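Notes for the one structure printed next.
In listed order, ligands and their atoms are each counted from 1. These numbers were taken from a predicted model, which means no experiment stands behind them. Heads up: numbering here begins at 1 and tracks the sequence.
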Amino acid sequence: MTTITRFAPSPTGRLHVGNIRTALHNWMLAQKAGGRFMLRIDDTDAERSREEYVEAIREDLAWLGLHPDGEERQSARLSLYDEAFERLKDAGRVYPAYETQQELELKRKVQLGRGLPPIYDRAALALSEDDRAANEAAGEMPHWRFRLDHDEPITWEDGVRGAQKFDAAQLSDPVIRRADGSWLYMLPSCVDDIDMGITDVLRGEDHVSNTAVQVQMFTALGAQPPRFAHEALLVGREGKLSKRLGSLGCDAFRERGIEPEALIALLARLGTSLPVEPIAHRDTLVGTFDLSTFGRAPAKFDDAELDRVNTAIVHQLDYADVADRLPHGMYDAAWHAIRPNLETVGGAREWWAIVQGPVTPPEMNGDTRAYLAEAASTLEWSATPWQDLTATLKAQTGRKGKDLFLPLRQALTGQNHGPDMGELLPLIGEKEARKRLQNAASS
Ligand code: GLU
């Protein structure tokens, strides 16, 4: 059977890094099995769902290179939910309930006060036809609950957590539909997973108790439940994910100069027993993807670690990967010369400006100026002008180390540090280099 996974965000905000990780892992699971990865937009909440977020989710997935093999939207599938709802109602697995929020809240408080778990008491299940008719005659419209089967323990083999077992009697019958007919998450998700042929549901461990309910729902709908796996949540260095990482979509990363490959390399392995490495090739990451390496402890997302992975990824990018983001005129050899010195691709702009000049060297003393004048007249152009120049100057002046190299670097770039001068000098060119040495010598 072809593996089919899905990423099912609610378009009520931008993706956060936890969502991105879930999307990535679903994509990887499908890739590894040669299967399909679907996007499902969970937009049954008409009030909170926004079109701009749907767009942003698509754009973020595109930027990450996680291309879905298909997309479904829950708002376009309401008739499927109606149909499933009627079937469950006919089978006695759905019942109307009339309690108000306040009544339910009060029941919960009383239970908690007595030291009992706040499980719904099924009072509505005990209502007679007459009670229901009386409620409705009084204008009280019901919401609807799914009746859990208390007879059988709920079990599944979780891809991350191992064997899971729940006692249905310890769970509340979930509300699946509101009095106004609108849907809560639980049933539409099952209906879609069945209809879309989803074989693997991989999501955060905050969904474990939903899974317990959904296992019974799949069965009640006459379907085999998919395989489930729940990954430990992602937390920030100090515990909760900060708002900054929390809900800004991929823009925040892109604007900071983070490459999609860096985010992917980090999130692919964070929280697993595999080492986080700056692996720019997705096939490598996909090849090592394995749910059995996932740990149970929360995975810690550290911005500094992302920056480190990013820098190492930038150093591997080829000219073709970045050409459209480089300053005008910057060519292949220039990128390769400058690349080892960058933390972000955007940093190339600064070094390209230095290659093109003008540059402002620091104040030099008399000795150094004389040395630079000698350098200007010594400079000869060859395939290796920097190596030749420094070798000759070393022999002529007896200078070495910093005394030999630093004044030249300062005169040629205006900087104390930077890319390998052997790579940089050919980019600056003979005429310009001589001019810079002369300028610094006479400043
Ligand atoms: N829309 C749900 C969420 O974002 C989907 C959960 C699921 O994967 O089933 O939490």
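- Of all protein heavy atoms, the one lying nearest to atom 5 (C) of ligand 1 is A8 O, 3.1 Å.
- Between the side chains of R339 and Q316, no donor-acceptor pair of N or O atoms lies under 3.5 Å.
- F228 has its ring centre no less than 6.0 Å from the ring centre of H207.
- For K89, the salt bridge (Lys or Arg N to Asp or Glu O under 4.0 Å) criterion is met by E86, not counting sequence neighbours.
- Scanning the protein for heavy atoms near atom 10 (O) of ligand 1, the closest one is H207 NE2, 2.9 Å.
- No hydrogens or angles considered: nothing links the side chains of N19 and T22 as a donor-acceptor pair under 3.5 Å.
- Distances below 4.0 Å separate heavy atoms of Y185 from the following atoms of ligand 1: 2 (C), 5 (C), 6 (C), 7 (C), 9 (O).
- In this structure, atom 8 (O) of ligand 1 lies nearest to the protein heavy atom R6 NH1, 2.7 Å.
- Proximity to S189 (heavy-atom distance under 4.0 Å) selects the following atoms of ligand 1: 9 (O).
- Inspection of the D130 and S128 side chains reveals no N or O donor paired with an N or O acceptor under 3.5 Å.
- Near D42, meaning under 4.0 Å from one of its heavy atoms, ligand 1 places the atoms 1 (N), 2 (C), 5 (C).
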